[in-house]
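Before any comments, here is the structure.
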Amino acid sequence: MIYPASFKHKIVKEDNVNIILRCDAKSIEDINVWVAEVGRLNCIHWNVRSSIQNGQRIKGSKKFVCQHSAFQKPSALANQKGLSKIAECPASLKAVIKLDTVSIRKKDPLIKVFTLYN
């Protein structure tokens, strides 16, 4: 996967199925820009599945699914006209913006790293 150069990022964990990546996105708008750039670079269109704004422990969160996932699409049996392009793609992306508080900065060393970039 190709990541946007406009954001600083660090891969925390990577295996055959999942990638945990941290970047310097500070708001929901930054998440939207990052996901749009990732989609453009990797030829994937992401649809928003769920969103949380202004939580108690996080600033915001968005979950994206691939446009070819089976989310909110008719089943193969119900697709009588054959118009739906259901590929049942399992790709998903979850973006979380953490609150920037003193206690979170003490527990999370990567928040310190990304504040040095600014």
Side-chain angles (χ1 to χ4, degrees):
M1 181 175 264
I2 303 169
Y3 303 109
S6 60
F7 289 91
K8 304 291 184 209
H9 68 277
K10 179 177 176 148
I11 296 174
V12 178
K13 180 182 172 187
E14 184 174 8
D15 58 22
N16 293 337
V17 179
N18 298 316
I19 298 173
I20 298 175
L21 177 110
R22 301 287 298 268
C23 74
D24 61 344
K26 303 273 187 221
S27 66
I28 296 293
E29 291 80 23
D30 288 348
I31 289 174
N32 293 335
V33 170
W34 189 86
V35 169
E37 286 185 31
V38 166
R40 184 178 47 78
L41 291 171
N42 296 292
C43 300
I44 301 172
H45 181 75
W46 297 100
N47 295 329
V48 178
R49 183 169 184 175
S50 63
S51 175
I52 297 172
Q53 302 280 335
N54 299 325
Q56 290 181 349
R57 296 185 178 141
I58 59 172
K59 260 188 187 179
S61 171
K62 274 193 168 184
K63 181 166 184 180
F64 298 88
V65 293
C66 177
Q67 71 175 352
H68 297 294
S69 71
F71 180 67
Q72 290 188 342
K73 294 195 174 81
S75 66
L77 297 174
N79 187 18
Q80 295 174 355
K81 293 182 180 178
L83 297 175
S84 182
K85 297 176 182 170
I86 303 170
E88 296 183 8
C89 179
S92 67
L93 200 157
K94 183 177 180 181
V96 178
I97 301 288
K98 289 186 173 184
L99 285 175
D100 190 8
T101 63
V102 174
S103 63
I104 290 175
R105 271 186 256 133
K106 285 180 185 176
K107 294 175 187 175
D108 191 350
L110 287 176
I111 289 179
K112 293 177 190 175
V113 169
F114 288 126
T115 55
L116 295 175
Y117 288 129
N118 295 332

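One is the number of the first residue; the rest follow in order along the sequence. For clarity, every value in this text was computed on a predicted model and none was experimentally measured.
To the nearest 0.5 Å, atom CD1 of residue Ile19 and atom NZ of residue Lys13 are 12.0 Å apart. Distance CD1/Ile97 to CD/Gln53: 10.5 Å, rounded to 0.5 Å. Between atom CD1 of residue Ile20 and atom CD1 of residue Ile11 there is a gap of 11.0 Å, rounded to the nearest 0.5 Å. A distance of 12.0 Å separates NZ of Lys94 from CG of Asn18, quoted to the nearest 0.5 Å. In this structure, CH2 in Trp46 is found 10.5 Å from NZ in Lys63, a value given to the nearest 0.5 Å.
Under the 4.5 Å side-chain criterion, counting only non-hydrogen atoms from C-beta, Ser6 is in contact with Glu37.
Annotation for Lys26 and Asp30: closest pair N-OD2, 2.9 Å, computed over non-hydrogen atoms. Summarising the geometry of Val96 relative to Ser61, their closest heavy-atom pair is CG2-OG, 3.8 Å, with the distance given to 0.1 Å. Smallest separation of non-hydrogen atoms from Asn32 and Lys62: OD1-NZ, 2.8 Å. Taking each heavy atom of Cys66 and Asn47 in turn, the nearest pair found is O-ND2, 4.5 Å.
A side-chain contact (heavy atoms from CB on, under 4.5 Å) with Pro4 holds for exactly one of Val35, Val38, Val33; it is Val38.
Ile52 and Ile28 sit in two unconnected hydrophobic clusters of ILVMFWY residues. Membership requires side-chain heavy atoms under 4.5 Å apart, directly or through other members.
Ring pair His9/Tyr3 is tilted by interplanar angle, where 30° to 60° counts as tilted.
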*Full working for side-chain contact (heavy atoms from CB on, under 4.5 Å) between Leu21 and Trp34*: CA-CA 12 Å; Leu21 177 110; Trp34 189 86; 3.4 Å; yes

